[in-house]
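These numbers were taken from a predicted model, which means no experiment stands behind them.
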Amino acid sequence: MQSWFFGYTQSILSMRKVTAASQSEHVSSLQILSAVFNGILAIAYLVLGIWIMKTKLKTDQTILPLHEWLVVLFQGLTWLLLGSFVSLKKQKLPCISAVKSCSILGLLYAGFLCISAFRESIVDRTVSAKIILDILSFPGSILLFLCAFEGDKCKVADLDDTIDDCYAPLRGGDPEVTDGISIIHNVTNFGRAGFCSTMTFWWLNPLLKQGKEKILEDQDIPLLLEEHRAQMCYSRYMEQLSKQKKEGPSDLSLRLSLIFYSHWKAILVSGFFALIKVLTLSMGPLFLRAFIEVAEGKEAFKHEGFALAVGLFLTKCLESFSERQWFFRTKLVGLQVRSLLSAAIYQKQLRLSNAAKTTHSSGEIVNYVNVDAYRIGEFPSWLHQIWSTSLQLCLAVCIVYYTVGLATVAALIAIMLTVLASSPLAKLLLKYQKKLMLAQDKRLKAITEALANMKVLKLYAWETHFKNVIEGLRKEELKWISGILTQRGFQVVLFWSSPVIVPAVTFWTCYFLRIQLNAGTVFTFLASLNILQEPIRVIPDVVGVFIEAKVSLDRIVKFLEAPELNDRDLWQEHNDKDFEYSIFISSAEFSWDTDLSSKPTLRNINLVVKPREKIAICGEVGSGKSTLLASVLGEVPKVHGIVRSCGKIAYVSQTSWIQTGSIQENILFGSVMDPVRYQEVLEKCCLVEDLEMLPFRDLTEIGERGVNLSGGQKQRVQLARALYQDADIYLLDDPFSAVDAHTATSLFNEYIIGALSAKTVLLVTHQVDFLPAFDSILLMAAGEIIEAATYENLRASSQEFQNLVNAHNNTVGSEIHINHSTGRRPMTSKGEIQDIYVKDQSFVPLAEQLIKQEEKETGDTGLKPYRQYLSHDKCFLFFSFAAIFHMIFIIGQLMQNYWLAANVQNSNVNRLKLVTVYTVIGSAVAIFLLLRSFSVVLLGCGASQSIFSTLLKSLFRAPMSFYDSTPLGRILSRVSSDSSIVDLEVPFRFAIALGSTLNAYSSFVILAILAWPVVFVIIPLIFLSIFLQRYYLASSMELKRINGTTKSSVASHLAESIVGAMTIRAFGEGDRFFLKNLGLIDANSSSDFHSFSANEWLIQRLEIPCAVVLSLSALAMTLLPFGASASGFIGMALSYGLSLNLFLVVAIQYQCVLANLMVSVERLEQYMHIPSEAPEVIEDNRPAHGWPSVGKVEICNLKVRYRPNAPLVLKGISCIFEGGHKIGIVGRTGSGKTTLISALFRLVEPSDGKIIIDDLNISTVGLHDLRSHLGIIPQDPTLFSGSVRYNLDPLSEHSDYKIWEVLEKCQLREAVLEKEEGLNSLVVQDGSNWSMGQRQLICLGRALLKRNQILVLDEATASIDNATDSIIQKTIRTEFADCTVITVAHRIPTVMDCNMVLGISNGKLIEYDEPAKLMNKLGSLFGQLVQEYWSRSSHDDTYSENW
C-alpha cells in the first residue's frame, strides 16, 4: 500500500504537469467549437438584421419601426462580443467572475428566446429565419456557459512541493497488497476526458471493454481523482468546520450546510443540467400536438413532418445528455460526502471518550459508516428532484391550460390533493424510520457482541439463548420494516394511480364546463401527464431518501458531537533526553464517570517518575492499577490536578490487541524495518522459536484479535511491538500473567532488566518475585497509592505489603520444601525450549495463510440470486401475484387509452359515456395497484424474515474454524448494510423493475401496431438493448462485488481500530491508521464511482436509439395515409412514444440497479450455508439428567487436527481423569494445553480417538448437551453489556440470594455493593468498566452458580493478585471438593495440590503422575517448571544485586 501511495502520486504529478502545460499553451476544442458556432450565429443575426432593413427600405421606403431590424442587429452584435469574450478567455483573465456572470445571463436569455420561438412556431404554425436563429441561440449559450466554467478542475499548480501527506509513502516497507485490496497505479480517465468524452462517458470505454474480456479484479479499478478522494473531502470539511466553530456552536442544519458547502459548484452545475432536462422534456406535448395537426392535414409548410421529426430527435438527445450529467454529477457529490463522513467517523472514534463509548458501541459505530453514511451519500442524487418536479409541474400545467382551459384547475387540485394525501404517510414513514434505526442499533450491538465472543458462547452453551435474544430484537426490527414497506406501498398506490385519477377528474370537469374534447387536446393533455408521471411516482422515493438522510444525519451528528478525550494535550514529547522527569502527577483525581457527584476512581495521586527509573505497581484486584496507567496516557477524565509526561510512550495492554495481518506488521507497527534491531527484539521477547515453527515465520498472517496465537504468544508480540518503537517511557500492564514461569523469568531478565535498562518503566504486576529489582514500588488500594517506597522499605514498614508477600510465599511454600529435598535442577537450555503453538500450524497449511481474501461470486450468475431470493418463505407466490396484478394494471391503462382513441372523434358516443367508461376502467385499475403493493409488502417482509433467520442460524451453528479465519468486519457488513438493502431496497426495486419492463414492452407493441414500418427499427433496438445490457453487466456486477468486499475491509479496519483505540493513541499512531482508513475508503469509493458511471453510460446509449425510434414513429404516422378519423390512434401512439424513452430507460435502469442490489443477496447467501457443527441435541442419545455424576474422563488415543491434511495438533494422547480428582495440565506456551480443552468441549472434533465421560462417548451426544453439563472458566474473561446479574446468570436460573452468595465467595460482594444499582450495576460492552481481575472473578462466579461435576480452569486466575488467588483456590477446593477439576495454569502453586499432573509438549503426553512423584523424577517437565518457579521466588535479592 505504501509503494502504491508513492508510485501513483508520482505518476499523477507527471501526468498533471504535462496536462497543465498543454492546457496553458493550447485552446481547448470546446472553446474552438463555441467560438465558431457562436461566431456564425452572430454573423447570421447581423446579416438577417441588414436584410430586414434593406427589405423595409425597398418595400416601405422607410426603416421604421426600428425594432424589426435594430433588435436583430443588436442581438448579432451582442452575441459576437459575448462569444469572443467567453469562448476565447484566458485562464488568467482578471475578470473571470464577470465572464461567468455574462455566460449565465446569456443562457437565461437564450432559453427564453428558444421557448418563445418554439411556442410561436407551433401555435402560429410558421417558421422563419428569426425563429431558427432564436432556437439555435440556446445550444450556443450552453457552449458559452461550459466554456466559462471549463478549466476549474484543470487548474493544477506545480505539486512537487505540495504532495498530499495522505499519499506520501508510509513507514514499514512497501507491500503491494493491503487488507486484500491490491492497489494499482492508474488514475481514472475521467480526469483526462474532454468535453465530448465527458458528455458521452466515452472515457469509461476502456474499463468496460476490459470487463467484457476478463473478470475485473481489484487492481483493475482506476483510482479516483485527487479532488474526489476522502482526504481532500475531509480536509475541506474540517477547514470549514474550524472556521464555523470560531463563530459559534453548530447545529444540525449548520453541519448539513458545511458538508455540502465545498460542493456548491458541482451542485449548481448539476442543477443547470436538471433545468435543461426539464425544459426539453416539457417540449414533448407541444411536438405531439403539432404531429397530430400534421396528420390531420393542417401542415404550416411543406415537409413540416420532417422538420418536426428532426426537432424532436435533437430535443430528446439534449434531454438525454443533460439528465445523465445531472445524475452523474450529483452521485459524485454524494460519493464525496459519504467519504468525508466515513473519514470523520473513523477519526472521531479514535478520540472518543470512554463515557461516550457506553452510548456508542462498536457495532453502532460500524453501522454509522455502513448504513448511515451511505444513506446520506444517496441524498445529493435526489436533491434537485424537489424544485425540478415543481418546475415540471408548472410547465405541464401551462400546457394543460393551453389544451383544456379552465379544466386545468381541476387537474391541479387533484394533483395537489395527491401530494397532500402523502403528507401523513411521510410523517409516519419518518417515525417508523427513526424507530427502525434504534431497533437496528440494538440488534447490531447484540449480534456484534455475540459474534466477537462466539467461542465463549459455545463453551458456556449459551448460543441458543443469545440467538433467541437477537431474534427477539429482530422481531422488533421487522415490525418497523413492515411499517416502512407498508407506508411505501400506500405511497406507490397513491402516486401511481394519479395518472389514472387526474385525467378522469379533468375530463369530468371538461364535461360539466362543456369544454370541447378532441384527439389533439386529449392526448396532448395525457402526454403532459405522462411527463409528470415519473416525477410524481418517484415522490415516495424522494420522501423516503430525505427522511432516511435526516435520521442518519441526526445520528452521525450526535456521534460527532460526543465527548472526546480532553487530556491528550498534556503530553509533552521532547527530542532531547535531558528532561527532569518522565512522569509528573500532582494532587490528581481521576474518574471514569463524568458525573462529578460520583466517587473518583483514583484519588490523591502524587507521582514523580525520573528518567530511567523502574516503578512497579501492585495491589489487590480493582485497586486502580490499570487506571493509573490509563491516566498517564490521558485516557481517564481528570477531575483536578496536574499530569505531565515527557518523552515517547510505548504501552502494552493487559488484554492483548493484535491486528489482522502478519506478525511482522504487528511488531513494526508502522516503523521502518531495521533487520538487526528487529532480530534483537525477537530474541528479547522469546519469539524466535515460535517463528521458526510457523510456515511463513514472521510473515504468517494472524487472525482477528490474534485468534491463531496462544495468550502468551499474543502478549509477547505486544511486548515486541513496544520494544521496537524505542520509546522513552514503557507502560506495561501485567504482561507476564499469560506466560509460563520460565518464559516470564526470561522476559523479565532480557526485556525489563536488559533491553529497557535505559528506559523509564511502569509495570503493573502480581508477580511478587520481580519486585526487588525495581527502584520503587507503588502499593495501591481502593483507588489510592497507599505506599510508595523500595522493596526493602516496604517489607520493613508496610503491613499491607507484607501481607501481599506472605500470601505469595504461602503459595510457594510446599514446593520450596520439596525442591530442597530434591536439589536444584539445571535450567532448560534455550535450544530445548519448544514454545510451539501447533494450532497455528494446523490453521495455516503450507502455502496457505489463515486469513484469505474475501470470497465473492464472479461472472454472470444469471437468475441464481433471483431464485435464491424468491425461494424464501412464500416469496415466489407473492411475486407472482405482484406480476399478475401489474399486468392487469397495464392492460387496464391500454383499455382506457384505446377507448379514448377510438371514440374521442366518434360522434355516436356521447361525452358522458366516454368519460364514464374511462373513469370506471381507471377505478378498477387503481384497485389492482393496491393489490400489487400489498403483495410486494408481503414479499419483502417474508424474504427479510426468512433470510435473516437462516443467516443467523448458520452463523451460530458455524464451527470456530470459521470465526478464526473470517474477520468480524466481513460478517458485520453483511448483517448491517447488506441486510438493510435486502430489507428495504430489494422488494420494491424488484417490483418496479418488472413493472417498468412490462411498460416498455407494451409501448413497443403499441408503436409496432399503429406504425408498422417502425417494427424494422424496434426489433434491432430490442436486440441492441439486450446486447448493451449484457455488455454493461459484465463489468457492473464485478464492480458491485468489489464494492462489497472493499466495504467489508473498511468495516473490518474500523471495528479493529475501535477495539485497539487505546493502544493506537498510546503509540501516537492515530494519523497512520487514519491514512490507512482513507486508502480503504478510496478503494471502496473508486469501485462505486465507476459503477454508477457505467450505469449512466448504459442509459445514455439506450436513450439515443429510443429517440431515433420515437422520431421515426412520429414521422411514419404523419406520412402514412391514416386519415383524419384516425388522429386519436396517432395521438395514443405518440403519447406512448414520448414515454418510450422514459419507460425503456427506467426498465433497464431498474433491472441494472436490481442486479447490483442482488449482490447483497449473493453475499448473504455465502454465509447462509456455512458447514455447521455437530447437532446441538441428538434426541436418540441424550445424556441422563444428572450426567456426569462421577466426573470420570477417559482420553483414548486422542488425535486432533484443525483441518483436513493439516499437521496433527494432539498426537495420540491417552490418560484417565478419575472422578472427583483434581487434574493439573502443564506445558510450555503453545504446547497444546488449550487444544486439549477445546477437544473436551468439542470446539474441534478429533480426527482419531475419543473422549469418554462417565462411560459416554462425548462424540455421540449433542453439543448443547455436552457443553451445558461441563463448567469452565475461560482464559480470556469475557463480559457482555448488561448488568452484573445478567453476566452471572444470563438464563435467569438462579435467585438473587444465590447470586449474592456466589459474589461473597468470589470476593466481589463489596465491589458490587459500592455500586448504587447493586446486581443491576452496568456492565458495558467487553466489561471495560471493570478491571481484568474483577472480570475473571465474575467468570468464576458463573462456574460457582452452575456447579457442574466437571470444571475446567483455563488460566482462570492469571490476572489476580496472590492473596485473592489464594482465597479463590481455597473456594474452588471447598465448593468443588467432590468434582473433577481440570486446571490449566502457568502459576505452578495452583496445580501443586492436584491429585495428578499431566505434562504436554509439542502435542504429546510427556508425563502423567502425582505432583510429588513428578518432582522427584529426573528430567520431569513438571519438575523443571516447578524448579524455575521456585528458583525465581526464592532468590528475590538476586534481581536487586543484578540491577
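- Residues Tyr1150 and Arg989 meet the side-chain proximity criterion, which asks for heavy atoms closer than 4.5 Å.
- A pairwise comparison of heavy atoms in Leu912 and Thr916 identifies O-OG1, 2.6 Å as the closest pair.
- Considering SG of Cys510 and CG of Leu914, their distance stands at 11.0 Å, rounded to 0.5 Å.
- Here the closest heavy-atom approach between residue Ala882 and residue Val936 is recorded as CB-CG2, 4.0 Å.
- Contact annotation: the side chain of Ser388 approaches that of Gln385 to within less than 4.5 Å [non-hydrogen atoms, C-beta and beyond].
- In this structure, the separation between CZ on Phe273 and CZ on Phe328 is 10.5 Å, given to the nearest 0.5 Å.
- Two residues are said to be in side-chain contact when any heavy atoms from C-beta on lie closer than 4.5 Å; Ile1099 and Glu323 fail this criterion.
- Side-chain contact between Leu429 and Ile484 is present, with at least one heavy-atom pair separated by less than 4.5 Å.
- Counting only heavy atoms from C-beta outward, the side chains of His886 and Leu994 never approach each other to under 4.5 Å.
- Other residues, nucleotides and ligands contribute only 12 or fewer heavy atoms inside 6.0 Å of the CZ atom of Phe490.
- Contact detail for Ile547 and Gln433: the closest heavy-atom pair is CG2-CB, 3.8 Å.
- From Leu312, atom CG reaches atom CE of Met283 across 11.0 Å, with rounding to the nearest 0.5 Å.
- Ser320 places a side-chain heavy atom less than 4.5 Å from the side chain of Ile1104.
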Item to complete: Given side-chain hydrogen bond (donor to acceptor under 3.5 Å, both in side chains), test Ser270 with Gln325 step by step and report yes or no.
Response: CA-CA 7 Å; Ser270 62; Gln325 289 299 314; over 6 Å; no

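- When side chains are defined from C-beta on, Leu1154 counts as touching Phe990, because their heavy atoms get closer than 4.5 Å.
- The two residues Leu275 and Trp387 come nearest to each other via the heavy atoms N-CH2, 3.7 Å.
- Distance check: Phe379 CZ to Phe546 CZ gives 4.0 Å after rounding to the nearest 0.5 Å.
- Between the Thr330 side chain and the Phe327 main chain, a donor and an acceptor come within less than 3.5 Å of each other.
- Ring orientation note: the planes of Phe885 and Phe928 are tilted relative to one another, at an angle of 30° to 60°.
- A distance of 11.0 Å separates CG in Leu494 from CG in Leu930, rounded to the nearest 0.5 Å.
- What you find for Ala274 and His384 is that their closest heavy atoms are CB-CB, 4.2 Å.
- Smallest separation of non-hydrogen atoms from Ala926 and Ser497: CB-CB, 4.3 Å.
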Practice prompt. Could you walk me through whether Arg324 and Glu1103 pass the salt bridge (Lys or Arg N to Asp or Glu O under 4.0 Å) test, one step at a time?
Written response: CA-CA 10 Å; Arg324 301 285 58 81; Glu1103 286 179 328; 2.9 Å; yes

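- One finds the CG atom of Leu281 at 5.0 Å from the CD atom of Gln392 (value rounded to the nearest 0.5 Å).
- Residues Ile413 and Val505 are not in side-chain contact: their nearest non-hydrogen atoms beyond the backbone lie 4.5 Å or more apart.
- Under a 4.0 Å N-O distance rule, the pair Lys331/Glu378 does not qualify as a salt bridge.
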